[in-house]
Amino acid sequence: MSLRHIGGEMAGWSDAAPAGGPSYAHLLDTLHPLVPEGARVLVAGPHEPGLITALPPDAEVTCLVRGESDAAAMSTRALAVLCGSLSKLTDADHYDVVIALDGVERLCSVEGPQYDWAEALQALRRALRPGGALLLAVQNELGVHRLVDRTAVTFAHTDADWRPVGEYGTKPGSPARLRQHLAADGLSVAWLGTAWPLPSAPTLIVDEPALRDGPAGALAAAASAAIGTAYASRPVLSDPRRLAAAAIRGGIGPELAPSWVVLAFRGPAGRVTMPDAVLGGGPMPAVPPGRLLEELLIGACLRHDLPALRRLLSAWVTRQPAATADNVLVDGDTVTVFDPARPAVEPAAAIRRFAETLLAGGYDQPWPAARDTAALTAVLLAAAGLSPVMDPPGLPAPAPDSLREHEERVRRLEEQLADADERIRYAESELVRRDGELRRAQLQIDLFSGNVGYRITKLGARAARAVRRNLKKR
C-alpha cells in the first residue's frame, strides 16, 4: 500500500530473527473478535509474514520497522509501513490493537532517542485508543534461556546489541511486577501467558495460572520437550531441560519462563477467551496426570534403588514398549504415552537412549562398572527382563551441548583415572616386592644347582649314606 518514513530509520539495516511461529499465529487467531471490520492495527517491530497474514483481512494493518530494507520488503505486500523509530509516532497515530510480539527492544534506532523498556511501553500505550488492546511479549532477563546462556547480555555480541543493558534495565522481572507496571500505566491485564522455549519463536505458551497450578508432570514434560528440540546440540552452561522441568514442578515456572505474553487494554479489560495452553499451532490437548518416566528412572538411579528401577523398567517395556522414557507418564500403576504423535521405537533403542541420557547428564547410577553406552544398555536390558541385543540402534537425542554436564563427566573421568592410577601404583609395588622374592629364590636355586659346592655337598651326602649302610651290615 504505502511506505512512509517517519524519521529514525536505518539505511541498509535489517533485523534478524523476527518474532514468529505457529504458536504466535494461533494467538492472533484468537484475537479476531477484538479486530472488527476496518479496525486499525499496529504491528510494532519485526514480525514474520505469517503473523501478518494471521490478522483479519478486513483490518487496516500498519507495520512499524526501523530498517529500510525491511520496510521496502513489507511495502511490496500491500501493507501500510512506517519506517523509523518508535519515538516518531505522533499523537494522531491511534490504533485499536497494537501487537508487539517481538517486544520493545527493537523499536528504537541509532538515529533517535534510546527508549528504555518503560518509556517504550508508554509510547505504545499512547498509540492505543481508549479501550484498545495491546498484545505484548516481554522477555524475562532471568528466564531459563538466560540462565543457561554462555554469553553475557550486558556486552555487545552483534551489531544489533548497541545497548546491551540486560538485567540492568527497567523491565519487570516477574509476572506480578509486570502486572503492577502495566496497571500503573493505565493498562488492565486480561491474560498473561508464559512462552517456551525461546522468546522470538515459542512453541509452547501456557497461561500463568495453568502453569502454576496445572498438572506439573505433564507441563514439565511439554516444556522439557520443547526446550530439548530448540537447544539440540547448542552450547549452553547447563541443560535447560532439567532447569525448566524442576522450576515447573516446584511451582516457579512462570518466574523462570523465557518470556511472557500479555494481553492488556487501555482502560477496563475487555472480554476475550484465550487458550489455557498452546502447543505448536493449536490448543494443547488434554494431558494425563503423572510424572515423566525418565525423571522417575533417574531418581531411582540416584538413590541406587534397584527394586524401583526394575519395577519401572518392567512396566515400561510391558505396557509402553514403543515409546522413549521422555514420552511416558507414570501415575501409580497407570503408564500412558504423553505425545502419541511421536514415532514408535524399538524397546532396545529406547533403553539405549536412556543409557545415553544417564551418561551424558553425568548422573550417578548403581552400576559403576558400566561406564560406556553398550555396557550400561546391557545392564538396563537385563534389569527390564529383556534379552541382550548386540549393538541396538541409536536414536537422536535432543540434548544440548551442556558445559556443566561436560564438567561433571570430566570430574567423573578424573575420579576413574585417579582410581586407576592408585590401582596401578599398588600393582607396581606388588610387582617390585614379588620380583625381589623371585630373585632371592633364584639365588637359592642357583646356589644348590650346577656348581662345585653343590657337587661336593652331593658327594658328601652319598659317602655318609654309604658309611651308614656299612655300619648297619656289621
Side-chain angles (χ1 to χ4, degrees), residues 1-20 24-25 27-28 31 34-138 159-160 162-163 185 187 200 263-264 266:
M1 291 173 58
S2 64
L3 169 59
R4 180 162 64 95
H5 292 263
I6 59 175
E9 67 274 2
M10 296 190 293
W13 179 266
S14 178
D15 282 310
Y24 276 158
L27 283 185
L28 294 182
L31 294 181
L34 297 178
V35 189
E37 183 178 355
R40 300 189 68 198
V41 179
L42 174 65
V43 180
H47 291 69
E48 288 182 352
L51 297 187
I52 310 299
T53 57
L55 294 170
D58 51 2
E60 184 182 335
V61 180
T62 301
C63 298
L64 170 64
V65 291
R66 60 185 179 179
E68 277 190 337
S69 58
D70 293 337
M74 287 185 173
S75 64
T76 61
R77 298 198 301 269
L79 293 172
V81 181
L82 300 178
C83 183
S85 175
L86 180 64
S87 62
K88 300 299 181 179
L89 286 178
T90 65
D91 293 337
D93 294 321
H94 284 168
Y95 299 90
D96 299 292
V97 178
V98 174
I99 297 171
L101 292 176
D102 189 64
V104 300
E105 288 80 9
R106 297 197 285 184
L107 294 178
C108 295
S109 73
V110 293
E111 305 296 335
Q114 300 296 304
Y115 285 180
D116 62 13
W117 186 88
E119 293 168 339
L121 176 65
Q122 292 172 1
L124 291 179
R125 182 187 62 81
R126 289 193 298 267
L128 272 177
R129 289 175 177 169
L134 170 66
L135 184 65
L136 173 69
V138 182
D159 292 339
W162 59 76
R163 198 182 183 209
D185 283 338
L187 295 169
S200 60
L263 176 64
R266 185 175 178 180

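Separation of atoms OG1 (T53) and CD (E48) is listed at 10.0 Å; rounding is to 0.5 Å. In this structure, the separation between CG on L89 and CG on L82 is 6.5 Å, given to the nearest 0.5 Å. Note that NE2 of H94 and CZ of R129 are 8.5 Å apart. Values are rounded to the nearest 0.5 Å. The structure places CG of L107 at 11.0 Å from CG of L121, a figure rounded to the nearest 0.5 Å.
Between L31 and V97 there is no side-chain heavy-atom pair separated by less than 4.5 Å. Between D96 and L128 there is no side-chain heavy-atom pair separated by less than 4.5 Å. Put simply, the side chain of V43 reaches to within 4.5 Å of the side chain of L55, judged on heavy atoms.
Closest of all the heavy-atom pairs between A44 and L124 is CB-CD2, 4.2 Å. When all heavy atoms of L187 and A264 are compared, the closest pair comes out as CB-CB, 4.1 Å. Considering all non-hydrogen atoms of both residues, V35 and A39 come closest at CG1-CB, 3.9 Å. Looking at every heavy atom in both residues, S109 comes nearest to Q114 through O-NE2, 2.5 Å. Taking each heavy atom of Y24 and S200 in turn, the nearest pair found is CE1-O, 3.7 Å.
For residues 115-127, the set of pairs meeting the side-chain hydrogen bond (donor to acceptor under 3.5 Å, both in side chains) definition, not counting sequence neighbours, is empty.
Of the possible polar contacts, one joining the H47 side chain to the L101 backbone as a donor-acceptor pair under 3.5 Å is found.
No option in L42, L51, L134, V41 other than V41 meets the side-chain contact (heavy atoms from CB on, under 4.5 Å) test with I99.
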Donor-acceptor contacts under 3.5 Å from residues 64-73 side chains, at least two apart:
from : atom 1 : to   : atom 2 : distance (Å)
R66  : NE     : D15  : OD1    : 3.4
R66  : NE     : D15  : OD2    : 3.0
R66  : NH1    : C108 : O      : 2.5
R66  : NH2    : D15  : OD1    : 2.9
S69  : OG     : W13  : O      : 2.6
D70  : OD1    : S14  : OG     : 2.7
D70  : OD2    : D15  : N      : 3.0

